[in-house]
Amino acid sequence: MAEPVILSAVIKIGVALGSEALNQASSRLQKFSTQLTELQGSMGRIRRELRLMHGFLCRVDVRNRKNLTYAIWVQELRMLAHGIEDMVDDYLHLVGHNHDSGWGTYLKKRFKRPNVLLSLNRIASLVKEVEVNLVHMFKAKDRWVSTPSPGNSTDSSYIVETSQQLVSISSSLNEDDLVGVDKNREQLEQLLAGDDLERSVIALHGMGGLGKTALAANVYNKEKEKFECHAWVSISQTYSTKDVLKCLITELYKGGNSTPGNMDHMNTADLQDKLKTFLEGKKYLIVLDDVWAPEAVTDLFGALVQNQEKSRVLVTTRIDGVANHALQDRRITLEALSKDDSWELLCKMGFSRDTNHKCPIELIESAQEIVTKCKGIPLAIVAVARLLFVRDKTREEFKRICDQLEWELVNNPSMEHVRNILYLSFMYLPTHLKSCLLYCSLFPEDYLFKRKKLARLWTAEGFIEERGASTLEEVAEGYMNELVHRNMLQLVERNSFGRIRRLKMHDILRELALDLCQNDSFGVIYDEQKCGGSLEKDGRRLAVHKIAKDIGQSVPNIHQLRSIIALDTSMSSFTLLPLLYEKSRYMTVLELSGLSIEKIPDAIGDLFNLRHLGLRDSKVKMLPKSVEKLSNLLTLDLHDSGVHELPSGIVKLKKLRHLFAQKLNDPSGRVLWSLSGVTIRKGLGNLTNLHTLQALEVQDESIKELGELRQMRSLRLLNVKRIHCERLCESLVQMHFLSTLEVNASDGNEVLRLNALPSNLQKLSLRGKLVDEALEESPFFHALGQNLYWLGLDFSRLIEDPLPSLSQLTNLTELFFTEAYIGKQLVFRKAWFPNLKTLQLMDLPRLERLEIEEGAMEALNKLFLVNLNSMTDIPSGIELLLTLHYVCFYEITLDFLTLLRQCSRIGGMRFWHSLRD
């Protein structure tokens, strides 16, 4: 599999030939225009060849998975693509650096400044060599690699044939072989037998291996005779509409009608008409199994007549977009089996010869650990159970299987159908998603990915292509949604306004992807417990999971490394770092968050290709001046590190998109000065590509330059004074893309007079005294827009009840008050805050009554009441609170807690409380 690498090289050359690089080359290398023009022409030709190769690989890669000669050819092609990437990086560095001040930052300072012409000629020579090698690769393919002819639909790949065999196996399963499907089976039977006269579409949806086909076949075999005609057809990724129509007609005519004999001579339109004529007026049941593309269903629906005979179309799919052809109440999403159902299935299949299918007592512990590793996927459980069935029933043998289950999954021939059905999901991914998914496999099992950080890493790695006016981060989020919709990544949590917050990768899918990842030199992991202290394979990326000693000498081909992701925060040092500066000149990502690193060497400036530097939660106290040379840096993460002041040269990093430099001083957030940030005295306005700035200690000079940061999306400002507010508002309204804003006053007496705010704000946090007058009279309130979903008011000390004014923010989903109100009563009316899901009231010491009208805030599922010591009344809408996911009470009085306990209507809810003396 080389298409992700080829695509990466195509993207990189596209950058080199883009307008920015061309302009830089023209201005900085104008003395060598002839050589430059010839070099750019050669790179353009290479890019065209690579695009053609990419298209070829996408078409034949799956079909040649078992072809050893093809695998060798692809390996050579992959190595060539890696070399192209390195070469283009050298070129971009050459044209992007100011040679008048001495370029060659990647060379050691003891060397003299190299001659620009010599460097240009060296790169040109490499480009010519690449062109020759590409021609040779094409000739070698024609001589040695046999590939399927294009358009030959009968030449199915090995993996597709095997997955179709699985359909046959699933269809023949007895009802006793199915475990944990009773609820879904009952729902499916009800949908098939429903009273709706119109033809309806039903979808069985879920990741590969969950038993969609088995469940559909079980119900189909029982229910099909209740329909006048029925048909089952499997749709592969390489489906042909004409072939599917022929198959449907053949199946439907089996009931006694003679199949039309001239179908081979019919075109698609004729076949559609034939099918329509046959189905008209009939109650039919058609199953479209394993559908991969929404257009496959669309292409067939024209022939499946919409009659009034209670006809049904059942679709099984892994793709969310396909399942959307069914109405929401006709979609059945299969989930992984529960722990109990997984155990039952393992015992039923693995101990079928034993009495009552029981696992021997001495094997239970190992068998339970084995079934846990299957993560509830029936396909995997059945395969492992069959493996256990033929092995010796001894404790030693079961422990051996448990310890090497990952190896068995990847290498054991008896588990090949498991690999194939899951590989199929990966192989048919678009190339731009393959790299993203492989990258996720480098992280540990059950690792929770945060949307924003994963988007930054994908962007730094070069996986994300520009799409119209969308930012790279927005495109990356689209990739995540697509992977979730394809059931390749699992959605764990959305934020309150519907966007992905956290996701993870299924463990079994991760093991298979990691095998591809390591075999294709995409990346490797280092785990002391698994690899024994050495790496057998090399890769462009290294993820360190567990380390007990120095691995500097254990990393083969360290010069090829482009990314380091250190995930073992317990390591006392990271001595690999100096070697990286010396030998890994193309380093792109250094993710070292959580490590006990205290100093970053000045040599970091030699890493001219670095795009991501993560030092979050590290002990680094100062950045070297040389960071100003990191002209390609996109993300600098110093969150909760020891860095309090940035080098003045930081403003030279004009490509910088994300700067995190805040420190959390008080995790409770219950003091005004819980955060500290950094200062940028001069030149802040140069960072025009900044999307994120957290957190800036505002000064008179920096406040003047804020208005230049017009690409800003997320901004956190500290130490804001009243005299800054007018100029601050002038700057903020120029940030048309700003969605998240936090403003912290310099002290409790400063008033934040913000009379103008960007209309696109989605999250707003104001920490400090807000207004002297009532909120509805403040220009601040009228500056808020209807896009606001999240609002935090802290230390505002409002005298009048703010809720009547804030209730006009009808899209608000989260509301936080910390010492925001010094009145005695808060009332939530029925028509207010219809979308509010989270409410937190903290440190309102004078509050005596909290009233929630019945029917108010029906969407609310999280309520936090913290330090409400004056409250003597139970909320009048307490029956509403019964529907909450949880309610938290902290630091409340004994009298109030007693009242709560006496109220029977809140029984069954969970409480956390901390009584104060």
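Sequence positions, counted from 1, serve as the residue numbers for this chain.
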J.: Is there a side-chain contact (heavy atoms from CB on, under 4.5 Å) between L806 and L812? Walk through the geometry before answering.
T.: CA-CA 9 Å; L806 295 179; L812 210 62; 5.6 Å; no
J.: Are the charged groups of E493 and K504 less than 4.0 angstrom apart, N to O?
T.: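 Salt bridge: no.
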J.: Testing the 3.5 Å rule here: is there a donor-acceptor pair between the side chains of Q762 and T740?
T.: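 Note: Q762 and T740 side chains miss the donor-acceptor criterion.
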J.: From S702 OG over to L709 CG, what is the distance, rounded to the nearest 0.5 angstrom?
T.: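 These two atoms lie 10.0 Å from each other.
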J.: For a quick test of reading the model, state the closest non-hydrogen atom pair linking S759 to N787 and the distance between them.
T.: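 Of all heavy-atom pairs spanning S759 and N787, the closest is O-ND2, 3.1 Å.
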J.: Can you name the residues that form a side-chain contact (heavy atoms from CB on, under 4.5 Å) with E708, not counting sequence neighbours?
T.: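 Scan of E708 (side-chain contact (heavy atoms from CB on, under 4.5 Å), adjacent residues dropped) gives none.
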J.: So does K652 have more than 12 non-hydrogen atoms from other groups sitting under 6.0 Å from NZ?
T.: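 Atom NZ in K652 is not packed in, count stays at 12 or less.
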J.: Verify, without hydrogens or angle tests, whether H639 (side chain) and L615 (backbone) share a donor-acceptor contact under 3.5 angstrom.
T.: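 Side chain of H639 to backbone of L615, a donor-acceptor pair under 3.5 Å: no, none is there.
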J.: Going through the distances and angles, do L454 and L503 end up as a side-chain contact (heavy atoms from CB on, under 4.5 Å)?
T.: CA-CA 10 Å; L454 185 58; L503 30 72; 4.0 Å; yes
J.: Closest heavy-atom contact between P647 and L623?
T.: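 Residues P647 and L623, closest heavy atoms: CG-O, 3.6 Å.
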J.: Apply side-chain hydrogen bond (donor to acceptor under 3.5 Å, both in side chains) to residues S496 and E814 and explain how you reach the verdict.
T.: CA-CA 7 Å; S496 61; E814 299 186 57; 2.7 Å; yes
J.: Does a sphere of radius 6.0 Å around CD in E466 hold more than 12 heavy atoms from other residues, nucleotides or ligands, not counting ones at 6.0 Å or beyond?
T.: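 Open.
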J.: Which heavy atom in S626 sits nearest to a heavy atom in I604, and how many Å separate them?
T.: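 Shortest heavy-atom contact: OG-CG2, 3.7 Å.
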J.: About how many Å separate CZ of F660 and OG1 of T635, when rounded to the nearest 0.5 Å?
T.: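 With rounding to 0.5 Å, OG1 (T635) is 6.5 Å from CZ (F660).
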J.: Check whether any side-chain N or O of R767 sits under 3.5 Å from a backbone N or O of N744 as a donor-acceptor pair, and report yes or no.
T.: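 No, the answer is negative, given that no donor and acceptor are paired below the 3.5 Å cut-off.
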J.: Walk me through it: do N609 and T588 pass the test side-chain hydrogen bond (donor to acceptor under 3.5 Å, both in side chains)?
T.: CA-CA 5 Å; N609 203 40; T588 302; 3.1 Å; yes
J.: Could you walk me through whether R657 and E473 pass the salt bridge (charged side-chain N to carboxylate O under 4.0 Å, His left out) test, one step at a time?
T.: CA-CA 10 Å; R657 297 168 74 89; E473 291 79 6; 2.7 Å; yes
J.: Run the side-chain contact (heavy atoms from CB on, under 4.5 Å) check on R541 and L561 step by step: do they pass?
T.: CA-CA 6 Å; R541 298 163 185 87; L561 271 181; 5.7 Å; no
J.: Taking the side chain as C-beta and beyond, is there a heavy-atom pair between W458 and C440 under 4.5 Å?
T.: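 They are in contact (side-chain heavy atoms under 4.5 Å apart), so the answer is yes.
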J.: When rounded to the nearest 0.5 angstrom, what distance separates CG in L815 from CG in L809?
T.: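 Answer for the CG-CG pair, L815 versus L809, is 9.0 Å.
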J.: For the atom pair CG (D801) and CD1 (I799), what is the distance rounded to the nearest 0.5 Å?
T.: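 The CD1 atom of I799 is 13.0 Å from CG of D801, to the nearest 0.5 Å.
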J.: Quick one: does E461's side chain get under 4.5 Å of Y439's, heavy atoms only?
T.: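 A side-chain contact under 4.5 Å exists here.
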J.: Consider only side-chain N and O atoms of N689 and K655, and report whether a donor and an acceptor are under 3.5 Å apart.
T.: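 Short answer, no.
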J.: Using a 4.5 Å cut-off on heavy atoms from C-beta on, say whether the side chain of L738 contacts that of L732.
T.: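 Yes. Closest side-chain heavy atoms under 4.5 Å.
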J.: Dump the intermediate steps for side-chain contact (heavy atoms from CB on, under 4.5 Å) on S739 and N760, then the final yes or no.
T.: CA-CA 6 Å; S739 61; N760 289 326; 5.9 Å; no
J.: Within a reach of under 6.0 Å around CD of E726, are more than 12 heavy atoms found that belong to other residues, nucleotides or ligands?
T.: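 Count not over threshold, so no.
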J.: For residues Q694 and S714, is any side-chain donor paired with an opposing acceptor at under 3.5 Å?
T.: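 Result is yes, a qualifying pair exists.
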J.: Any salt bridge between K452 and E477, counting N to O under 4.0 Å?
T.: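 Salt bridge absent between K452 and E477.
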J.: Just by modelled atom types, is the G748 backbone N or O under 3.5 Å from a matching donor or acceptor in the K769 side chain?
T.: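 Such a contact is absent between K769 side chain and G748 backbone.
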J.: Report yes if some heavy atom in the side chain of S648 is under 4.5 Å from a heavy atom in the side chain of K682; otherwise report no.
T.: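 Not touching, per the 4.5 Å side-chain cut-off.
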J.: Would you tell me whether H724 and D700 have side-chain atoms, one donor and one acceptor, within less than 3.5 Å of each other?
T.: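 Yes, D700 and H724 have a side-chain donor paired with an acceptor closer than 3.5 Å.
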J.: Please give me the minimum heavy-atom distance between R451 and M480, naming the atom from each residue.
T.: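 Heavy atoms of R451 and M480 come nearest at O-CE, 3.2 Å.
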J.: Quick check: do L844 and R846 have side-chain heavy atoms less than 4.5 Å from each other?
T.: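 L844 vs R846: side chains apart.
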J.: Keeping E705 on the side-chain end and G683 on the backbone end, is there a donor-acceptor pair under 3.5 Å?
T.: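 Between the backbone of G683 and the side chain of E705 there is a qualifying donor-acceptor contact (under 3.5 Å).
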J.: Please tell me whether T692 and R456 have a donor and an acceptor in their side chains that are separated by less than 3.5 angstrom.
T.: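 Result is no, nothing qualifies.
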J.: Between E750 and K721, is there a salt bridge with N-O shorter than 4.0 Å?
T.: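 A salt bridge is absent here (no side-chain N lies under 4.0 Å from a carboxylate O).
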J.: How long is the straight-line distance from CD1 of I680 back to CD of Q699, given to the nearest 0.5 Å?
T.: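 Here the rounded value is 10.0 Å.
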J.: Could you go through the salt bridge (charged side-chain N to carboxylate O under 4.0 Å, His left out) check for D602 and K625 one step at a time?
T.: CA-CA 7 Å; D602 192 64; K625 183 179 182 298; over 6 Å; no
J.: How about S593 and D617: does a side-chain donor come under 3.5 Å of a side-chain acceptor?
T.: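 Not at all, the side chains of S593 and D617 share no donor-acceptor pair under 3.5 Å.
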J.: Any cation-pi pair here, R713 with F737, using under 6.0 Å and within 45°?
T.: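 Yes; both conditions hold, so R713 lies above the ring face of F737.
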J.: Please report the closest heavy-atom contact between D568 and L595, naming both atoms and the distance.
T.: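 Minimum heavy-atom separation between D568 and L595: O-CD2, 3.4 Å.
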J.: If we only count heavy atoms from C-beta on, is the Y821 to P802 side-chain gap below 4.5 Å?
T.: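 Y821 reaches P802 side chain to side chain.
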J.: Check for a donor-acceptor pair, side chain of T471 on one end and backbone N or O of E474 on the other, with a separation under 3.5 Å.
T.: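 Checked: pair present.
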J.: Do we see a donor-acceptor contact under 3.5 Å between the side chains of D90 and Y586?
T.: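 Side chains of D90 and Y586: pair found under 3.5 Å.
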J.: State, with a plain yes or no, whether a side-chain heavy atom of S796 is found less than 4.5 Å away from one of L766.
T.: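 Side chain of S796 against side chain of L766, heavy atoms only: no contact under 4.5 Å found.
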J.: Please evaluate residues E598 and K621 with respect to the criterion salt bridge (charged side-chain N to carboxylate O under 4.0 Å, His left out), reporting the C-alpha separation (whole Å), side-chain torsions for both, the decisive distance (0.1 Å), and the verdict.
T.: CA-CA 7 Å; E598 297 183 358; K621 295 181 174 59; 5.7 Å; no
J.: When rounded to the nearest 0.5 angstrom, what is the spacing between CG in L793 and CG in L798?
T.: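 Here the rounded value is 7.0 Å.
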J.: Can R585 be said to sit on top of F608's aromatic six-ring, NZ or CZ under 6.0 Å from centre and within 45° of the ring axis?
T.: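 Because its charged atom misses either the 6.0 Å distance or the 45° angle limit, R585 does not stack over F608.
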J.: Using the ring-ring contact (aromatic ring centres under 6.0 Å, His included) rule, take F816 and W790 through it: C-alpha gap first, then chi angles, then the decisive distance, then the call.
T.: CA-CA 8 Å; F816 299 85; W790 192 105; 5.0 Å; yes
J.: Please step through salt bridge (charged side-chain N to carboxylate O under 4.0 Å, His left out) for the pair D86 and K12, ending with a clear verdict.
T.: CA-CA 10 Å; D86 295 343; K12 184 64 68 71; over 6 Å; no
J.: Just by distance, do the side chain of R797 and the backbone of L770 share a donor-acceptor pair under 3.5 Å?
T.: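 Answer holds: no.
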J.: Less than 4.0 angstrom from a charged side-chain N to a carboxylate O is my criterion; do R616 and D640 meet it?
T.: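 The answer is no: the pair does not qualify as a salt bridge.
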J.: Would you say that R499 contacts R494 through its side chain, given a criterion of any heavy-atom pair below 4.5 Å between the two side chains?
T.: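 Counting from C-beta outward, R499 and R494 never come under 4.5 Å.
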J.: Give me the atom names and distance for the closest heavy-atom approach of L592 to I564.
T.: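 The answer is CD2-CG2, 4.1 Å.
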